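Notes for the one structure printed next.
What you see is a predicted model, and the numbers here were worked out from it, not measured in a lab. Read the numbers this way: they start at 1 and go in the same order the structure lists the ligands and their atoms.
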Amino acid sequence: MPPLRERESVAQVELHSLHLRDRVDVPDWILSEQERHRAAAFRSAEARRLFVAGRFLCRRILGDLLGCAPQALSIAITQSGRPYLSDFSDIDFNISHVRDRVALAICRGGLIGIDIERVDAFSEEEAGEIMPMILSEYEFDQVRQLDGQYRRDALLARWVQKEAALKCLGRGFLADPRCVTLSPDYATFGSKSQLSSEPIFINSGRVGDGEIGDFQWAIATSRLVTEPQWRHHINGISL
Ligand SMILES: CC(C)(COP(=O)(O)OP(=O)(O)OC[C@H]1O[C@@H](n2cnc3c(N)ncnc32)[C@H](O)[C@@H]1OP(=O)(O)O)[C@@H](O)C(=O)NCCC(=O)NCCS
């Protein structure tokens, strides 16, 4: 993918995913001291590995992009847990992880949130229980009319889109996902949420291959963006 370039009307995004192979040790030497302390505090080895992998991926990619050493990047965290680059206000990034995969979204000239979930994150039966917690009344009525797998897929897509939007806003699930409503607008969705007076733009889809499996993804941005392309790292980033 060509390097990010400033354009007037649309923001530029890059999407990266890292697949963690079994037993591969993710190096933590490029993490800050604070991040290493945080990693050490995880009780679950899997959660620790995902956190370290997320910071490893973003420090490596952002370091390359910004022309600085990965360990020199200053990553701060807002009160609600949203990480950001304290020295580069025009570059935003966001991380999502699930099982053996870490995703990183980078945006120049706007805010970004990303969410990924496995396509088998929940069953058709579980979908019925989750729907009222995620969907607005109007969305609930629409999705409820779908059958089995279609209903589950529609819910998963909405879930991931809404979580990406709430992460873009920096709130996460401190805010109620039912307050974020998505309206169809050709390839993207505009979201006029009760949490923000500005629209949020959504791009979403599914990616995967035989080896790494399918996952549902969504990014939410504060500005329109060019069509996002994924760059998958399995062996491409040395671990
Ligand atoms: C944001 C949130 C939805 C992410 O849920 P999750 O199941 O961990 O999902 P993901 O894997 O997709 O995302 C995790 C990443 O989101 C990012 N993140 C965390 N809080 C965030 C926020 N408020 N806004 C945007 N991004 C956030 C972090 O990079 C995190 O990864 P890291 O901790 O390894 O750096 C969830 O953490 C949440 O609702 N947070 C609300 C705020 C909160 O509870 N804060 C308490 C701690 S300060």
Side-chain angles (χ1 to χ4, degrees), residues 13-20 26-28 30-63 70-71 73-86 88 91-107 110-119 121-122 126 130 133-134 156-180 191 193 195-196 200 202-207 215-222 230:
V13 294
E14 283 188 13
L15 301 181
H16 297 265
S17 92
L18 174 63
H19 176 219
L20 298 171
V26 187
D28 68 358
I30 62 174
L31 272 57
S32 67
E33 199 181 332
Q34 199 181 21
E35 286 168 339
R36 283 200 296 269
H37 275 124
R38 193 171 150 204
F42 280 100
R43 285 200 194 139
S44 142
E46 193 189 355
R48 184 184 319 119
R49 188 167 181 248
L50 282 175
F51 170 74
V52 172
R55 293 310 164 93
F56 172 85
L57 182 66
C58 84
R59 284 182 175 277
R60 282 289 303 271
I61 302 287
L62 288 167
Q71 61 273 39
L73 283 175
S74 173
I75 299 178
I77 302 177
T78 65
Q79 277 196 335
S80 60
R82 187 183 205 276
Y84 64 98
L85 291 172
S86 47
F88 296 90
I91 304 267
D92 191 34
F93 75 93
N94 202 230
I95 297 168
S96 181
H97 25 58
V98 64
R99 205 174 290 176
D100 57 359
R101 192 189 319 273
V102 179
L104 167 71
I106 304 170
C107 182
L111 297 172
I112 194 161
I114 186 168
D115 188 41
I116 59 169
E117 297 290 343
R118 291 184 63 91
V119 294
F122 49 81
E126 286 165 333
I130 299 169
M133 296 186 263
I134 301 289
L156 180 65
R158 284 286 187 270
W159 173 330
V160 172
Q161 291 165 348
K162 288 181 181 220
E163 186 168 332
L166 293 173
K167 291 176 77 179
C168 177
L169 292 167
R171 301 289 300 276
F173 285 129
L174 287 177
D176 186 343
R178 292 171 296 190
C179 295
V180 181
S191 154
S193 80
L195 303 164
S196 157
I200 292 171
I202 305 283
N203 281 267
S204 62
R206 277 189 180 185
V207 288
F215 63 95
Q216 184 82 34
W217 64 272
I219 57 164
T221 46
S222 60
W230 279 94

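Ring geometry for F122 versus W159: interplanar angle under 30°, hence parallel rather than tilted (30 to 60°).
Protein heavy atoms are absent from the 4.0 Å sphere centred on atom 8 (O) of ligand 1. Less than 4.0 angstrom separates atom 46 (C) of ligand 1 from none of the non-hydrogen atoms of the protein. Protein heavy atoms come within 4.0 Å of atom 21 (C) of ligand 1. Within the 4.0 angstrom cut-off, atom 36 (C) of ligand 1 has no protein heavy-atom neighbours.
Within the 4.5 Å cutoff, the side chain of L156 has heavy atoms near those of the R206 side chain. Counting heavy atoms from C-beta on, the side chains of D28 and V26 never come closer than 4.5 Å. Put simply, the side chain of I91 reaches to within 4.5 Å of the side chain of I106, judged on heavy atoms. With contacts defined as side-chain heavy-atom distances shorter than 4.5 Å, the pair R82/D92 qualifies. For the pair R55 and S32, the minimum side-chain heavy-atom distance is 4.5 Å or more. In this structure, the side chains of E46 and R99 come closer than 4.5 Å at one or more pairs of heavy atoms. At a threshold of 4.5 Å between non-hydrogen side-chain atoms, the residues L104 and I114 do not count as touching. Looking only at side-chain heavy atoms (C-beta outward), C58 and I95 come within less than 4.5 Å of each other.
In terms of protein heavy-atom proximity, atom 28 (C) of ligand 1 is closest to P83 CD, 3.8 Å. The protein atom (non-hydrogen) at minimum distance from atom 44 (O) of ligand 1 is L174 CD2, 4.3 Å. Among protein heavy atoms, the minimum distance from atom 13 (O) of ligand 1 is reached at K167 NZ, 2.8 Å. Ranking protein heavy atoms by distance to atom 43 (C) of ligand 1, first place goes to S80 O, 3.8 Å. Scanning all protein heavy atoms for the shortest distance to atom 19 (C) of ligand 1 gives G81 O, 3.1 Å. Nearest to atom 33 (O) of ligand 1 among the protein's heavy atoms is R38 NH2, 2.7 Å.
At least one N or O atom of G170 sits closer than 3.5 Å to an N or O atom of ligand 1. For F173, a nitrogen or oxygen atom sits less than 3.5 Å from a nitrogen or oxygen atom of ligand 1, counting backbone and side chain alike.
Only the side chain of D115 comes within contact range of ligand 1, with a heavy atom under 4.0 Å; no backbone atom does. At a heavy-atom cutoff of 4.0 Å, ligand 1 is contacted by the side chain of E163 but not by its backbone. With a 4.0 Å heavy-atom cut-off, ligand 1 is reached by no atom of R101. At a heavy-atom distance under 4.0 Å, atoms from both the backbone and the side chain of S96 approach ligand 1. Only the side chain of N94 comes within 4.0 Å of ligand 1, counting heavy atoms alone; its backbone N, CA, C and O stay farther away.
Using a 4.0 Å cut-off to heavy atoms of R171, the atoms of ligand 1 that qualify are 23 (N), 41 (C). Taking every heavy atom of I95 and a limit of under 4.0 angstrom, the matching atoms of ligand 1 come to 13 (O), 14 (C), 15 (C), 16 (O), 29 (O). Remark: ligand 1 atoms within the under-4.0 Å shell around heavy atoms of R55 are 35 (O). Atoms of ligand 1 lying under 4.0 Å from at least one heavy atom of Q79, given by number and element, are 48 (S).
F88 CZ to I75 CD1: the interatomic distance, rounded to the nearest 0.5 Å, is 11.0 Å. With rounding to the nearest 0.5 Å, the separation of CG in D100 from CZ in R49 is 8.0 Å.
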(request) Go through the steps for R38 and I77 under the test side-chain contact (heavy atoms from CB on, under 4.5 Å), then give the verdict. (result) CA-CA 12 Å; R38 193 171 150 204; I77 302 177; 3.8 Å; yes
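Across the listed options H97, R48, E117, H97 owns the non-hydrogen atom lying nearest to atom 11 (O) of ligand 1.
Within 6.0 Å of the CD atom in Q34, the count of heavy atoms belonging to other residues, nucleotides or ligands does not exceed 12.
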